[in-house]
K.L.:
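Before I ask anything, let me first share the structure, which is written out below as structure tokens.
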Number of protein chains: 2
Amino acid sequence: MLQKRNFFCNFVAEMIEILKSRNIRITDFRLVVLDILARHKTAISMEQIEEELGDFDRITLYRTIKTFIEKGVVHEILMPGNVKKLALCDDGCQDEHHHEHLHFQCNSCNEIYCVDIPRFPKVNLPGFKIDRMEIQAFGTCQQCLS
Amino acid sequence: MLQKRNFFCNFVAEMIEILKSRNIRITDFRLVVLDILARHKTAISMEQIEEELGDFDRITLYRTIKTFIEKGVVHEILMPGNVKKLALCDDGCQDEHHHEHLHFQCNSCNEIYCVDIPRFPKVNLPGFKIDRMEIQAFGTCQQCLS
DNA sequence: TCATTTATGCAATAGTGTTGCAAATATAAT
DNA sequence: ATTATATTTGCAACACTATTGCATAAATGA
């Protein structure tokens, strides 16, 4: 099944590098899934990945995503209403998921953008020792505004 | 089944008031679910509610929670790792869910606290019009620190 | 090329959430 | 209090999401 896809060879090199750096074995399936994730600027759902895979094995996909999440290749975004999406991590989060970033959901197109913001706000909360923060934001994206 | 539970009558009066103010019909089932939520200081999962209900109907519980969420009685908290919890809303969010609050998950005890913070940080994100924000914070809570 | 480790694909199963419908209950009006 | 109406409940069935065990296949390192 995997031979069907057209690979952009330059991307493949990068993706192999990503997997190697995280000690994940290089397999066709993983490269295809990584490729799909890399082609999207916004976070995508399991369903979208399944559609783009076409002929595939759901169980292997679940295991692939699980591995990617554990090894810091991908992170999971949960939004109200049982919305679960996936996005590639940026280089920052090698071993652990150390995102201090923002997930923006557009109320109009429903796309979820994973945005890095330069100055992450600091919050001082008496009684709690905060190690890490994430922000979920809701509103309208550029495309839908114009 | 519902007669089994012991109600604190003074709480019942408050809970009936909550339901009435949101135009939700008063039923035993809803009062019991509300009671369970009110007794917890931290957010609780569907599973926890099911356990505390004991003898109950799963479908009715799902519908009850759905109604509570729609009418602004309860809000849903989503955390990494497929963690989904529920917590009572405070009085602020009558019709729509206008929480500008923070969800804190303790890495040690895993409890999720729903905290209102006085000065909610503002984020300016070029290309996005932000209407509403939520913060997810991770760290250690008071109990686990001492 | 071979030995070892890890990944894949299939079957079965568990968990999570929804829909349709008849009976039961809550509310509002009499 | 009683009735009429609208809503909720509980059951059965079902759809979707995710996991486990195991034999086969493939990837890595020697």
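Below, chains carry the letters A, B, ... as their sequence lines are ordered, and counting in each starts from 1.
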K.L.:
So what is the end-to-end bend of the helix from dT1(C)-dA30(D) to dT30(C)-dA1(D), with 5 pairs used at each end and the value given to 10 degrees?
P.N.:
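Terminal axis comparison yields 50°.
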K.L.:
Which parts of nucleotides 17-30 of chain D does protein reach within less than 4.0 Å, heavy atoms only, written one letter per nucleotide 5' to 3' as B for base, S for sugar-phosphate only and - for none?
P.N.:
BBBBB-----BS--
K.L.:
Using whole Å, report how far CD1 of I65(A) lies from C1' of dT8(C).
P.N.:
15 Å
K.L.:
Rounded to the nearest Å, what distance is computed from the CZ atom of residue F56(B) to the P atom of nucleotide dC11(D)?
P.N.:
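For the pair F56(B) CZ and dC11(D) P, the rounded distance is 11 Å.
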K.L.:
Between CD of E51(A) and OG of S45(A), what distance do you get to the nearest 0.5 Å?
P.N.:
7.0 Å
K.L.:
T60(A): what forms a side-chain hydrogen bond (donor to acceptor under 3.5 Å, both in side chains) with it, not counting sequence neighbours?
P.N.:
D57(A)
K.L.:
Please give, in whole Å, the distance from dT8(C) C1' to L53(A) CG?
P.N.:
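In whole Å, dT8(C) C1' lies 14 Å from L53(A) CG.
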K.L.:
Can you list the residues that meet the side-chain contact (heavy atoms from CB on, under 4.5 Å) rule with Q143(B), with sequence neighbours excluded?
P.N.:
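By the side-chain contact (heavy atoms from CB on, under 4.5 Å) rule, Q143(B) matches Y113(B), C141(B).
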K.L.:
Would you kindly give the CD-to-C1' distance between E51(B) and dG15(C), to the nearest whole Å?
P.N.:
15 Å
K.L.:
Among residues at least two apart in sequence or on other chains, which ones pass side-chain hydrogen bond (donor to acceptor under 3.5 Å, both in side chains) with R58(A)?
P.N.:
E50(A)
K.L.:
Looking at residues at least two apart in the chain, or sitting in another chain, which of them share a side-chain hydrogen bond (donor to acceptor under 3.5 Å, both in side chains) with K20(B)?
P.N.:
none
K.L.:
Partners of F138(A) by ring-ring contact (aromatic ring centres under 6.0 Å, His included), sequence neighbours excluded?
P.N.:
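Partners of F138(A) by the ring-ring contact (aromatic ring centres under 6.0 Å, His included) criterion come out as none, since no residue qualifies.
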K.L.:
Whole-Å distance between dT6(C) P and E70(A) CD?
P.N.:
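Answer to the nearest Å: 14 Å.
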K.L.:
Mind checking what makes side-chain hydrogen bond (donor to acceptor under 3.5 Å, both in side chains) contact with K66(B), not counting sequence neighbours?
P.N.:
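None.
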K.L.:
Taking CD1 from I49(B) and C1' from dG17(C), how many angstroms apart are they, rounded to a whole number?
P.N.:
14 Å
K.L.:
Is there any salt bridge (Lys or Arg N to Asp or Glu O under 4.0 Å) pair reaching into residues 106-119 of chain A, and which pairs are they, with sequence neighbours excluded?
P.N.:
none
K.L.:
Please state how far atom CZ in F29(A) lies from atom P in dC10(C), giving the value in whole angstrom units.
P.N.:
11 Å
